[in-house]
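Down below is the structure, laid out as C-alpha cells.
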Amino acid sequence: MSGRVNLLAPEFLANPYPVFAQMRRDTPVCQVEPGGLWAVTRYADVVSVLKDPQLFSSAGLAHSMEPPWLGYNPLARSLLVMDPPRHGRSRSLVSRAFTPTAIARLEPFLRATAERLVDEMLERQEVDFMRALALPLPAAAIGHLLGLDTSIHSHLKVWSDHLAIISAISTADHERQQQVQRSIQEMEGYLKEVVEQRRRQPGNDLVSALLEARVEGEALSDAELMNFLFALLAAGLETTTNLLGNVALLLADRPELLERLRAEPGLFASFVEEVLRYESPAQSTFRLTTAEAELGGVKLPAHSVLVLLLNSACRDEQYVPDAESFVLGRQDLVNIPFGHGIHFCLGAPLARLEARVALEALLPRIRSMSRGPEAPQWQRSIQVRALVQLPVRVIPA
Ligand code: HEM
C-alpha cells in the first residue's frame, strides 16, 4: 500500500473491506488520514486496547470534544468519555435504571409502532427505507424510553445529527457550529423540563428511574443525569437507525436471504448478529494513549489518538472463519460490534430488540424488497457505516 490510507476517501467509503484486509495483513497498526490517527485493524489488538482503559483512555478525548467555539458539551462529560473510577460509579448508577426489564417493557409499543410504519410503507410501495422505518422506529424507542412527548420524536434526529458532528471531529463551518450550539441548548432546555416534570410527578419511565437510582446511598447529580440523557440520544439513535438500514440493504441485495428468513423466522436473531458483524453501523471508536505504548509491534507515542476499526476486527480471519462471507447461523460470535470491556454498549439489548421487532413487522408482510441498480451512498464518516438513503420498492405478500 503506498501512502497513508484515507478513511474518508470516496473509494474507501464505497467499500472499506479490501483495504481493511490489506491493513490487517501488512500494517495492522499504522497512521491514516485524516489527521494522522493511529488505525488499529486486528481483532486481538482492538480488544487489548479496549481492555486497558488506563493506558488507552476515553476521558483523554473529552478535551477535543469541547473546542473553544462550542464550550460546554454534555457529551464530552458523559459515560462514553469517562475512565475508571468515575466511569464505574456512573455506569452502575445508570445501569440500575437502564435494565433489561425496562427495555423488554418497550416491546409492545415498538411492535405497534413498527406495524404502523410498515402499513404506511406498503401503501406507498416506493419509499426511502431510512425515512420510512430505519429512522422513525429508533426515534420512537428513545422518545418512549425517556417519556418524551411524541411530537418531539421526529425532531430527535436533527438533534442527534448535530451531536454526531461534535462527537468525533468538529466542524470548521460557522453555520454548522451555530446549529450545533443551538441544538445543544434546545435539547438541554427540553430535557431539563422533562426532568423537572418527572421530579414533581414520577412515572414509569427511564428518567423517573434514573432520578430514583442509588448506589451506596448516592444518586446521580443533575449534571450527570443530563449528560447521560445526551449520551443516550447520541449513542442510541443513529447507531440503531443505521443497523436497520444495513439490514434492509442486505435483504434488498440478497433476495435468497429474504426468502429464507420469511420461511424461518427463528433465524431473525442470528441474522441480526451476522449483520452486526458483517456491516456494523458503529465502524469505529476512539482512544488516547496516556503514555508511550506498544501495540502490534508498533511504538505509539503518548497522547496518540487511536481509531479502533471495529468493522475490520469483525472480519479478522484469525477471529472468525470465512470472515468476508455473510453466513447465517454462525455460532459463538463475540460482541465486538458493541465494543468490549467497561464501555460495552449499554443499549445492545435495545438495539437487538428493535431490529428483531422491525423484521417481525416487515418480513411476513412483504413478498420482496428491491432497489435500483445504483451503488449505495454511504455517509462521509469515520465512526459510522451508514447509508445516506435507501430507496426501495416493496411488494406486499
Ligand atoms: C457504547 C455500539 C445502540 C447506548 C457503545 C460502544 C459501541 C456501541 C461500540 C462502545 C464505545 C466505546 O467503547 O468507546 C452500538 C451499536 C448499536 C448501539 C452498534 C446499535 C446497533 C445503542 C443504543 C443505546 C446505546 C440503542 C441506548 C439507547 C450506549 C451507551 C454506551 C454505548 C450509553 C456507553 C457505555 C459506556 O461508556 O459505559 N455502543 N450501540 N447504544 N452505547 Fe451503544
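We count ligands from 1, going down the list as the structure has it; atoms in each ligand are counted the same way. Basis for what follows: all heavy atoms, side chains included, without hydrogens, waters or symmetry-related copies. Keep in mind it's a predicted model, so treat the numbers as computed, not measured.
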When the aromatic ring centroids of F12 and F20 are compared, is their separation below 6.0 Å?
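Yes; F20 has its ring centre under 6.0 Å from that of F12.
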Quick check: F326 with F271 (ring centres under 6.0 Å apart)?
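They qualify: ring centres under 6.0 Å apart.
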Protein N/O/S atoms under 2.8 Å of atom 43 (Fe) of ligand 1?
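Within the sphere that stays under 2.8 Å of atom 43 (Fe) of ligand 1, the protein atoms of type N, O or S are C345 SG.
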Under 30°, 30 to 60°, or over 60°: which ring-plane class applies to H87 and H343, parallel, tilted or perpendicular?
tilted
Assess F286 for proximity to ligand 1: is some non-hydrogen atom of it under 4.0 Å away?
no
When you measure from the heavy atoms of R352 to every atom of ligand 1, does any distance fall below 4.0 Å?
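R352 does not count as a contact of ligand 1 under the 4.0 Å cut-off.
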Applying a heavy-atom cut-off of 4.0 Å, say which part of [X] lies close to ligand 1: side chain, backbone, both or neither.
| X | answer |
| --- | --- |
| L79 | both |
| I342 | backbone |
| P337 | backbone |

For ligand 1, which atoms, with element, lie under 4.0 Å from some heavy atom of [X]?
| X | answer |
| --- | --- |
| L310 | 9 (C) |
| F98 | 27 (C), 28 (C) |
| I142 | 28 (C) |
| L232 | 27 (C), 28 (C) |
| L243 | 21 (C) |

Taking NZ, NE, NH1 and NH2 as the nitrogens, is one of them in E188 or K192 under 4.0 Å from a carboxylate oxygen of the other?
yes
Run the salt-bridge test on E120 and R116 with the 4.0 Å N-O cut-off and return the result as yes or no.
yes
Any chance the side chains of [X] and [Y] put a donor and an acceptor closer than 3.5 Å?
| X | Y | value |
| --- | --- | --- |
| Y17 | E279 | yes |
| D45 | S48 | no |
| S312 | R24 | yes |
| S58 | R287 | yes |

Take atom CZ in R380; do more than 12 heavy atoms of anything else shown fall under 6.0 Å from it?
no
Identity of the nearest option to atom 31 (C) of ligand 1, non-hydrogen atoms only, from I103, L244, L80, T241:
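Answer by nearest heavy atom: L80.
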For atom 10 (C) of ligand 1, which of M82, H343, R287, R91 has the closest heavy atom?
H343
Distance-only N or O hit between ligand 1 and T285, under 3.5 Å:
yes
Quick one: side-chain contact (heavy atoms from CB on, under 4.5 Å) partners of F109, sequence neighbours excluded?
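Only T113, A140, H144 meet the side-chain contact (heavy atoms from CB on, under 4.5 Å) criterion with F109.
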